[in-house]
Amino acid sequence: MKLLAPLMLAAVLAAPALAAQDAKAPAKPDLAQGETKYTAVCAACHGADGNSAIAANPKLSQQHPEYLVKQLQEFKSGKRNSAVMKGFAAVLSDEDMKNISAWLVSQKAKPGFAKDKDLVTLGERIYRGGIPDRQIAACAGCHSPNGAGIPAQYPRLSGQHADYTSAQLVSFRDGVRKNSVQMSQVAAKMNDREIKAVSDYVAGLR
């Protein structure tokens, strides 16, 4: 009994601490809720499964969930400027954003295609090797050789609409999009032809 008493006391004292740890554990995303909310708020512009058919609207399927949550939060706060997206993000809670993003990463991305044969070689050279004499880094260094990106930090680019990618690079270059210092610095050194070339190459990555 003398040995059991301290053990029982230790167990009683540990119980509140364990309960507190459990309470702090993040809830797993609810994919069913994510699909429901996505269908109601996002599908009209981004496609039923995240594969947008509209070149101006990005494909979201298989995108890294942490990256999507960050973008939605920044649309909502105004850090990333878009009147349209701000309105949609405003109706989403943090939980909604996590559920939607978790559902989207489970959706298979449809491949895209490069269309400009004259520029695709230039686009590949910039994507894979950058432009060293102008200190333009290779896109592959952060977004990976096949465009899969690096989870949380760098988004998936493979198969993305060339029009959308080009518009984002121009926005970074012109100071319209300000939520990535790194991308602003890279895009600032690129001309229109280089942006168009790398955007078209990205569309065909898989």
Side-chain angles (χ1 to χ4, degrees), residues 26-76 80 82 84-85 88-89 92-115 120 123-124 126-128 137-169 171-172 177 179-180 182-183 186-187 195 197-206:
K28 288 186 178 180
D30 186 324
L31 298 188
Q33 286 293 326
E35 181 178 13
T36 298
K37 186 65 75 168
Y38 175 86
T39 301
V41 179
C42 319
C45 294
H46 295 284
D49 59 354
N51 284 287
S52 165
I54 304 167
N57 297 336
K59 296 179 181 180
L60 302 178
S61 52
Q62 277 187 260
Q63 188 56 271
H64 308 311
E66 301 93 341
Y67 179 80
L68 287 177
V69 168
K70 178 178 183 288
Q71 300 310 304
L72 286 168
Q73 289 173 338
E74 291 180 355
F75 279 128
K76 189 172 183 176
R80 182 172 175 184
S82 168
V84 174
M85 280 303 304
F88 287 116
L92 300 175
S93 66
D94 285 349
E95 185 179 10
D96 290 332
M97 294 176 186
K98 289 174 184 175
N99 291 340
I100 288 171
S101 300
W103 180 76
L104 279 166
V105 78
S106 72
Q107 303 304 298
K108 187 168 180 60
K110 293 178 181 176
F113 303 92
K115 298 176 182 177
V120 72
E124 181 178 15
I126 295 170
Y127 187 89
R128 296 191 177 280
C139 312
C142 294
H143 296 284
S144 74
N146 66 351
I150 300 172
Q153 284 183 293
Y154 304 112
R156 173 189 174 90
L157 297 181
S158 58
Q160 189 57 268
H161 295 304
D163 287 1
Y164 176 77
T165 301
S166 181
Q168 295 312 301
L169 285 169
S171 292
F172 278 125
R177 182 172 171 181
N179 68 332
S180 171
Q182 187 174 9
M183 279 308 306
V186 171
I195 285 175
V198 80
S199 299
D200 192 57
Y201 177 72
V202 159
L205 271 177
R206 57 190 72 187

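Sequence positions, counted from 1, serve as the residue numbers for this chain. Atoms considered below: every heavy atom in the structure, side chains included; atoms not considered: hydrogens, waters and symmetry mates.
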Quiz prompt | side chain to side chain contact (heavy atoms under 4.5 Å, CB included) between Met183 and Arg177, worked out | solution = CA-CA 9 Å; Met183 279 308 306; Arg177 182 172 171 181; over 6 Å; no
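- The structure places CZ of Phe113 at 13.0 Å from CG of Leu205, a figure rounded to the nearest 0.5 Å.
- A distance-only check finds no donor-acceptor pair linking the side chain of Asp200 to the backbone of Ala162 [under 3.5 Å].
- A donor-acceptor pair is defined here as one N or O able to donate and one able to accept, closer than 3.5 Å; such a pair exists between the side chain of His161 and the backbone of Ser52.
- Judged by distance alone, the side chain of Gln107 and the main-chain N or O of Gly50 form no donor-acceptor pair under 3.5 Å.
- With sequence neighbours excluded, the residues satisfying side chain to side chain contact (heavy atoms under 4.5 Å, CB included) with Cys45 are Asn57.
- Here the shortest heavy-atom pairing between Leu169 and Ala187 reads O-CB, 3.4 Å.
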Practice problem: Go through the steps to decide whether Ser61 and Asn51 satisfy the test side chain to side chain contact (heavy atoms under 4.5 Å, CB included), and finish with yes or no. | Solution: CA-CA 6 Å; Ser61 52; Asn51 284 287; 3.1 Å; yes
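- The backbone N or O of Gly112 sits less than 3.5 Å from a side-chain atom of Arg206, completing a donor-acceptor pair.
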Exercise. With side chain to side chain contact (heavy atoms under 4.5 Å, CB included) as the test, would you mind laying out the steps for Ser180 and Phe172 before giving the verdict?
Key: CA-CA 8 Å; Ser180 171; Phe172 278 125; 3.8 Å; yes
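- Minimum heavy-atom separation, Tyr127 to Gly147: OH-CA, 3.3 Å.
- A distance of 13.5 Å separates NZ of Lys28 from CG of Asn99, quoted to the nearest 0.5 Å.
- Rounding to the nearest 0.5 Å places CG of Leu31 at 11.0 Å from OG of Ser101.
- Judged by distance alone, with hydrogens and angles left aside, the side-chain atoms of Ser199 form a donor-acceptor pair with the main-chain N or O of Ser166 at under 3.5 Å.
- Among pairs with a residue in residues 37-60, those fulfilling ring pair (Phe, Tyr, Trp, His ring centres under 6.0 Å) read Tyr38-Trp103, at least two apart in sequence or across chains.
- The backbone N or O of Lys110 lies less than 3.5 Å from a partner atom in the side chain of Lys59, making a donor-acceptor pair.
- Between Tyr201 atom OH and Glu124 atom CD the span is 4.0 Å, to the nearest 0.5 Å.
- Remark: Lys37 NZ is loosely packed, at most 12 non-hydrogen atoms of other residues, nucleotides or ligands lying under 6.0 Å away.
- Of all heavy-atom pairs between Phe75 and Ala89, the closest is CB-CB, 4.0 Å.
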Quiz prompt | Derivation of the side chain to side chain contact (heavy atoms under 4.5 Å, CB included) call for Gln73 and Asp94 | solution = CA-CA 8 Å; Gln73 289 173 338; Asp94 285 349; 3.6 Å; yes
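- Gln160 CD to Thr165 OG1: the interatomic distance, rounded to the nearest 0.5 Å, is 5.0 Å.
- Remark: side-chain polar atoms of Gln63 are paired, donor with acceptor, to backbone N or O of Arg156 under 3.5 angstrom.
- A 4.5 Å side-chain heavy-atom check between Arg80 and Met85 finds every atom pair outside the cut-off.
- A distance of 5.5 Å separates CD in Glu74 from CD in Gln71, rounded to the nearest 0.5 Å.
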